[in-house]
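Here the structure is laid out as structure tokens; the discussion comes afterwards.
Quick caveat, the model's predicted, so the values are computed rather than measured. When reading the values below, keep in mind they use all heavy atoms of this one structure, side chains included, and skip hydrogens, waters and symmetry mates. Remember, it's 1-based here, ligands and their atoms both numbered in the order they're listed.
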Amino acid sequence: MTRISDNLSTINERIHTTALRCGRSPDEITLLAVSKKKPVGTIREAWDAGQRRFGENYVQEAIEKITALHDLPIEWHYIGSIQSNKTRLIAENFDWVHGVDSLRQAHRLSSQRPADLNPLNICLQINISNEESKGGIDIQETESIATEISRLPNVQLRGLMALPAPTNNLQQQAGIFSQMQQLFEQLNSKGLNLDTLSMGMSNDMEEAIRHGATIVRVGTAIFGQRD
Ligand SMILES: *Cc1c(COP(=O)(O)O)cnc(C)c1O
């Protein structure tokens with residue numbers, strides 16, 4: 001086995017074990033392999049090991065990879081920050097976008113999504129970290145923005161994303177994940193029909209799964225350190 005396939009097996013095993021320990025079905029949790037700054041050959045290697053969904057942060061880099069890997073039916077997720085002059089490229093090339101943080105962005109993505117493609121799946125990034133803001137929608141505004149976005153024709157609002165500032169304090173991270181879970185449940189109780197909670201990375205995925213994550217975004221633990 002190659003190192004990447006070993007790492008993928010280890011991560012999938014961690015997801016499986018954590019899910020069962022907290023009474024969830026492992027099938028509820030999807031592993032998104034974050035391949036930013038990693039070459040095409042590495043992504044192919046992960047594909048050969050059974051990985052099907054990949055996340056990228058930089059539009060230009062991602063499009064080069066998407067083009068080079070066109071022979072594989074990969075599900076591509078854009079997880080980087082969204083600049084308004086890049087929304088068209090994002091809408092044209094990706095299946096999912098995780099970091100939508102305004103109604104305006106969602107409008108642009110919806111109007112720029114090509115008509116022959118399925119609606120673009122989107123998650124709203126929530127400003128939940130108590131450290132310096134990395135962007136995101138304020139909790140108080142989420143319901144009204146989500147309601148508006150859910151009416152747009154060419155995007156499908158799937159759920160929420162958290163990108164808390166990195167910390168080794170897992171208890172603090174757990175507090176953030178727990179707030180996300182509450183917000184997610186609250187929005188669903190208002191009829192929003194969300195099925196995705198995108199949170200948890202290499203260092204805190206277990207904590208995220210314990211608080212309801214349905215997509216964990218893992219880079220380093222699969223591919224090693226980035227340059
Ligand atoms: C890079 C990145 C990840 C993966 O982080 P690792 O610590 O390498 O697992 C997840 N989500 C986002 C938004 C990222 O930018």
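- Thr87 and Gln112 are linked by a side-chain donor-acceptor pair at a separation below 3.5 angstrom, with hydrogens and angles left out of the test.
- A side-chain donor from one of Ser198 and His98 sits under 3.5 Å from a side-chain acceptor of the other.
- For ligand 1, the atoms sitting less than 4.0 Å from at least one non-hydrogen atom of Arg226 are 1 (C), 8 (O), numbered in the order shown with element in parentheses.
- Among all non-hydrogen protein atoms, the one lying nearest atom 5 (O) of ligand 1 is Met201 CE, 3.8 Å.
- Looking from atom 8 (O) of ligand 1 to the surrounding protein, the closest heavy atom is Thr220 OG1, 2.5 Å.
- If you look at Asn57 next to ligand 1, the close heavy atoms, those under 4.0 Å, all belong to the side chain.
- At distances below 3.5 Å, at least one donor-acceptor pair connects side-chain atoms of Lys65 with backbone N or O atoms of Ser35.
- The nearest protein atom to atom 11 (N) of ligand 1, hydrogens excluded, is given as Arg217 NE, 2.9 Å; this is a heavy-atom distance.
- If you check each of Gly200, Ala33, Ser202, Ala162 against atom 6 (P) of ligand 1, the one with the closest non-hydrogen atom is Ser202.
- Distance CG/Asn12 to CD/Gln51: 7.0 Å, rounded to 0.5 Å.
- For atom 4 (C) of ligand 1, the nearest non-hydrogen atom from the set Ala221, Gly55, Gly219 comes from Gly219.
- Between His107 and Leu152, the closest side-chain pair of non-hydrogen atoms falls below 4.5 Å.
- If you check which protein heavy atom lies closest to atom 2 (C) of ligand 1, you get Lys36 NZ, 2.6 Å.
- Counting the atoms of ligand 1 from 1 in the order shown, those under 4.0 Å from a heavy atom of Ile79 are 11 (N), 12 (C), 13 (C), 14 (C).
- Asp204 contributes a side-chain N or O that, together with a main-chain N or O of Met201, makes up a donor-acceptor pair within less than 3.5 Å.
- Applying the 4.0 Å criterion to heavy atoms of Val218 picks out, from ligand 1, the atoms 9 (O).
- Counting non-hydrogen atoms of neighbouring residues, nucleotides and ligands closer than 6.0 angstrom, the CG atom of Asn85 exceeds 12 such neighbours.
- Residues that satisfy the side-chain hydrogen bond (donor to acceptor under 3.5 Å, both in side chains) test with Lys37, not counting sequence neighbours, are absent from this structure.
- The shortest separation from a heavy atom of His98 to ligand 1 is not under 4.0 Å, leaving the residue out of contact.
- Under 4.0 angstrom from ligand 1, the non-hydrogen atoms of Leu163 all belong to its side chain.
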